[in-house]
Amino acid sequence: MPELPEVETVVRQLRPLVCGKTVRSLRILDELLGKLAVNRVRGAVVAGVERWGKEVVMPLERRTKTDPWLWLAIHLRMTGRLLWRAGARPAVDLHRPWLRARLVLDGGNVDFVDPRRFGVIRLVDDPVLLQPPGVDPTGEAFSTGLLRRLLGGSRQELKPWLLRQDRITGLGNIYASEILARARLHPCRLAGSLDQSETRRLHRAVVTILRRAIRHCGTTFSDFQDTSGETGAFQRFLAVYGHEGDPCGRCSTTVERIVQQGRSTYFCPACQPAGSGRSA
DNA sequence: GGGTACCTGAAA
DNA sequence: TTTCAGGTACCC
């Protein structure tokens with residue numbers, strides 16, 4: 001599930017639960033995750049829970065004179081989740097559907113559950129290795145001017161361009177469609193073809209959609225306390241994503257679905273006219 | 001740049 | 001049975 005707002009939600013919910021707690025162990029249960037130096041985390045203290053792009057990053061402080069910092073990074077990819085299970089002795093009982101890894105802390109577990117097994121865990125000494133290449137669209141640095149420079153000259157279609165993590169980090173397939181619907185821009189427009197006012201609309205849509213999605217805890221998400229249900233509520237506000245064949249909320253024209261680079265794009269052909277600068 | 005692969009489950 | 005899925009790495 002996770003795009004930027006969902007990962008932000010995970011991080012905010014996890015932070016007060018795990019910060020300051022001591023790591024007992026990191027259990028890797030799926031060989032697809034590869035070999036990690038899990039012994040190095042034992043006894044470290046969780047110093048934070050951060051979102052770096054779409055990745056959950058936990059700085060771990062060790063009681064060693066040399067190399068006191070370790071960085072645990074978890075990318076949820078398509079179906080990964082981090083579920084908190086409070087409890088005193090939860091290292092046993094590894095039976096949980098799709099459980100791939102478990103961070104055992106004093107007072108509870110962080111369970112990495114991931115049916116499709118695309119998720120990735122990294123453990124590194126140097127946080128530079130985790131630095132996302134693109135700009136964070138929720139940060140101060142993301143301005144209309146910066147967006148204009150990033151778009152400059154690109155001959156890629158807008159919607160695939162929005163998915164590029166080396167330009168803007170954090171957008172995914174749902175919010176890319178939602179952002180273009182709000183900005184009233186056709187997904188097949190060439191990224192480099194936007195004029196100043198269109199660029200401003202796109203910038204505002206990125207900021208607004210992400211802010212609203214974060215406020216509503218993202219689109220569908222599992223609870224950390226009890227394993228049931230979804231706390232995310234943003235799906236109620238989706239204007240176009242998943243709404244092929246439904247009337248557009250603004251003009252009642254039928255919402256369409258097209259495929260770009262093998263992925264679904266939803267848009268309203270009336271509110272988001274092709275206009276000039278559309279790819280051939 | 002764009003297709004394809006990775007993997008599994010749910011829904012059509 | 002086939003298609004689709006919130007992501008990204010790797011191929012030409």
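Because the structure is predicted, anything quoted here is derived from the model rather than measured. Order of the sequence lines sets the chain letters (A, B, ...), proteins ahead of strands, with each chain counted from 1. The figures that follow rest on heavy atoms only: side chains count, while hydrogens, waters and symmetry mates do not.
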Could you check whether the side chain of A/R116 and the base of C/dA5 have a donor-acceptor pair of N or O atoms closer than 3.5 Å, going by distance alone? yes
Measure the distance from CG on A/L33 to P on B/dC7 and round it to the nearest whole Å. 13 Å
Validation row, ring centre A/H203 to ring centre A/F142 under 6.0 Å: yes
Given C/dT8, is OP1 or OP2 found less than 4.0 Å from the side-chain N or O atoms of A/Q165? yes
Strictly below 4.0 Å: does A/S264 bring a side-chain N or O up to OP1 or OP2 of C/dA5? yes
Of the options C/dG7, B/dT8, B/dG2, whose atoms approach the side-chain atoms of A/W98 most closely? B/dT8
Identify whether any heavy atom of A/G262 sits under 4.0 Å from a base atom; if not, whether one sits that close to sugar-phosphate; answer base, sugar-phosphate or nothing. nothing
Rounded to whole Å, how long is the line connecting atom CD1 of A/I168 with atom P of C/dT8? 14 Å
Whole-Å distance between B/dG2 C1' and A/L163 CG? 13 Å
Can you tell me if A/Q261 touches the phosphate of C/dT8, counting only side-chain N or O atoms and a distance under 4.0 Å to OP1 or OP2? no
Sub-3.5 Å donor-acceptor pair from the side chain of A/R201 to the main-chain atoms of A/A183, do we have one? yes
Figure out the CZ/P separation between A/F112 and B/dC7, and round it to whole Å. 15 Å
Closest to the A/H75 side chain: C/dC4, C/dT8, B/dT8? C/dT8
Report yes if at least one side-chain N or O of A/R257 is closer than 4.0 Å to OP1 or OP2 of C/dC4; otherwise report no. yes
Looking only at atom P, what distance separates C/dC10 and B/dC7, rounded to whole Å? 14 Å
Charged N-O contact under 4.0 Å between A/D67 and A/R62: no
Between A/E3 (side chain) and A/G170 (backbone), is there a donor-acceptor pair under 3.5 Å? no
I need the CG-P distance between A/L32 and B/dA5, as an integer number of Å. 18 Å
Which whole-number value in Å describes the distance from A/R263 CZ to B/dT4 C1'? 13 Å
Report yes or no: does A/D126 contribute a side-chain atom to a donor-acceptor pair with the main-chain N or O of A/V128 at less than 3.5 Å? yes
Need one value for A/R100: base, sugar-phosphate or nothing, where a base atom within 4.0 Å counts as base even if backbone is also close, heavy atoms only. nothing
Check the distance between B/dT8's P and A/L99's CG and give it to me in whole angstrom. 15 Å
Any side-chain N or O of A/R77 under 4.0 Å from OP1/OP2 of C/dT8? no
Mind checking who B/dC7 pairs with, Watson-Crick or G-U wobble, both distances under 3.5 Å? none
What integer distance in Å separates A/D114:CG from C/dG7:P? 13 Å
Within the stacking criterion (centroid distance below 5.5 Å, interplanar angle below 30°), does A/F118 stack on C/dT8? no
Indicate yes or no: does A/R122 engage A/E55 in a salt bridge with an N to O separation below 4.0 Å. yes
